[in-house]
Amino acid sequence: QSSPDVNVVIQIGGGDIAGPAQEHGVDMRVTRRYRLVAESTQMGANWSLVPLPESEQPANVAMNKPETLSDFLKWGARTFPANQYVLTMSDHGGGPIAGYGNDEALGGGNALSTNDLQSAIAHSGVRFELIGFDACLMGSLEMASAFAPYGKYFLASEEVTYPWVEGWTASLNLLASSPVASGETIGRAFIEGYRAGQDVDFTAYSLTDLRQISTVVASLEEVSSTLLKALKTGGLAAWQSIAVARREAQDFQSNIFSTQMDLVDVQSWIHELGKVGLLSADQVSRFDASMKTAVVLRDGNEEDVNG
């Protein structure tokens, strides 16, 4: 479905080949801007990607530069002013250490770092109802903390993931019928649409209220302080207990062959620290309470993944 009150604008680039989209006049290696346009038919909406006029096109610059993203966001808000904005970033992701969005065309294959992403959004001056990653492994506390000053809700997966196809359909249909839907409502529609359309059990999407992230961070700082004291007083024995808790905690793409990511489900780790006696039951409960407030919805495909 489409609505005259909703604009979808897209910046594409950074590909290593032209890609199958070249059949539609899109070369994935060239940084260009497009608008998603729908023509109503008896069967619904017939969608097409329409290039913006040359006067609205960016220079052919690398997509992994923070100023490229920032410029796109500024341009989008200026050219298509709206009551609220949603940002989706779609490419490969590697979490807060490995980063997001490798540009193979002009950027030497490098990714945007967490600091790059935060800087780009900060300098855009745009505040978002929802910020989402159609990318693997980007659902982390570090990412949520980076975006908290600039958005209300955060949508991403801790796990590897398939593209968003069904989620896009559900989210755009919702916006067509309710253009001022909240970030929570949009995020819920995405997760429910994505979950209904995927026959896999290893996705781990979650929707997070960014306004509650400071409470989670404060709770984690309390845990960190406790662990530091334990190391000072307990020495090697405390270190071994921390190592056991880390080994038993749920993690993603973390192994001896891939040291670039080291992605750990933080609530799982907190519970394991409680089991080895390094955290009190009250500390574990306080952390659980902070997570319950911040994590609005999980896709539920992996029971031991907490958002």
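Residue indices begin at 1 and follow the sequence shown. Fair warning: this is a prediction, and the values are worked out from it, not measured in the lab.
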Between [X] and [Y], what is the shortest heavy-atom contact and its length?
X	Y	result
P179	S3	CG-OG, 4.1 Å
L130	G187	CD2-N, 4.3 Å
V180	Q84	C-NE2, 3.6 Å
G94	L263	O-CD1, 4.2 Å
A144	L210	O-CD2, 3.4 Å
L141	V217	CD1-CG2, 4.3 Å

Backbone N/O of [Y] and side chain of [X]: donor-acceptor pair under 3.5 Å:
X	Y	value
Y34	S48	no
S157	E159	yes
S290	F287	yes
S124	I121	yes
Q57	R32	no
Y100	S90	yes
S206	R298	no
E272	R246	no
N64	G107	yes
T114	P96	yes

Rounded at 0.5 Å granularity, tell me how far [atom1] in [X] sits from [atom2] in [Y].
X	Y	atom1	atom2	answer
L175	S2	CG	OG	12.0 Å
D103	L112	CG	CG	9.0 Å
I17	R29	CD1	CZ	8.5 Å
L273	S268	CG	OG	9.5 Å
D134	T161	CG	OG1	7.0 Å
F154	L87	CZ	CG	10.5 Å

Problem set entry | Contacts of type side-chain contact (heavy atoms from CB on, under 4.5 Å), residue R127, not counting sequence neighbours |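 Checked R127 against side-chain contact (heavy atoms from CB on, under 4.5 Å); matches are Y150.
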
Exercise. Can you list the residues that meet the side-chain contact (heavy atoms from CB on, under 4.5 Å) rule with Q11, with sequence neighbours excluded?
Worked result: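 Q11: side-chain contact (heavy atoms from CB on, under 4.5 Å) contacts with T31, R33, P58, M63, T68, F72.
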
So do the side chains of [X] and [Y] get within less than 4.5 Å of each other, counting heavy atoms only?
X	Y	result
Q283	I270	no
V244	K275	no
F147	I213	no
N306	V295	no
I191	Y194	no
V61	L106	no
S178	T185	no
V276	Q240	no

Exercise. Run the side-chain contact (heavy atoms from CB on, under 4.5 Å) check on T215 and T293 step by step: do they pass?
Worked result: CA-CA 9 Å; T215 303; T293 301; over 6 Å; no

Name each donor-acceptor pair under 3.5 Å that joins a side chain in residues 73-83 to protein atoms two or more places apart or in another chain, with its distance.
residue: W75; atom: NE1; partner: E56; partner atom: OE1; Å: 2.6
residue: W75; atom: NE1; partner: T79; partner atom: OG1; Å: 3.1
residue: T79; atom: OG1; partner: W75; partner atom: O; Å: 2.8

Would a hydrophobic clustering, with Ile, Leu, Val, Met, Phe, Trp and Tyr connected at side-chain separations under 4.5 Å, put [X] with [Y]?
X	Y	answer
V296	L155	yes
V264	V266	yes
L52	V26	no
F128	I10	no
I12	V50	no

Exercise. Partners of Q250 by side chain to side chain donor-acceptor pair (under 3.5 Å), sequence neighbours excluded?
Worked result: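 Applying side chain to side chain donor-acceptor pair (under 3.5 Å) to Q250 gives D304.
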
Problem set entry | side chain to side chain donor-acceptor pair (under 3.5 Å) involving T169 - partner list, sequence neighbours excluded |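 Here no residue qualifies.
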
For this session: List for me each residue that meets salt bridge (charged side-chain N to carboxylate O under 4.0 Å, His left out) alongside D91, sequence neighbours excluded, and say none if there are none.
Result: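 So D91 forms no salt bridge (charged side-chain N to carboxylate O under 4.0 Å, His left out) with any residue.
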
For this session: Begin with the C-alpha distance, continue with both residues' side-chain angles, and end with the deciding distance and a verdict on side-chain contact (heavy atoms from CB on, under 4.5 Å) for V6 and Q1.
Result: CA-CA 11 Å; V6 179; Q1 299 176 33; over 6 Å; no

Problem set entry | Presence of salt bridge, D71 and K65, under 4.0 angstrom |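 Answer for the salt bridge query: no.
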
For this session: Mind running side-chain contact (heavy atoms from CB on, under 4.5 Å) on E158 and D265 for me, showing each step along the way?
Result: CA-CA 8 Å; E158 289 181 76; D265 183 284; 3.0 Å; yes

For this session: For L207 and F190, run side-chain contact (heavy atoms from CB on, under 4.5 Å): C-alpha distance rounded to whole Å, both residues' side-chain angles, the deciding distance at 0.1 Å, then the answer.
Result: CA-CA 10 Å; L207 178 65; F190 162 77; over 6 Å; no

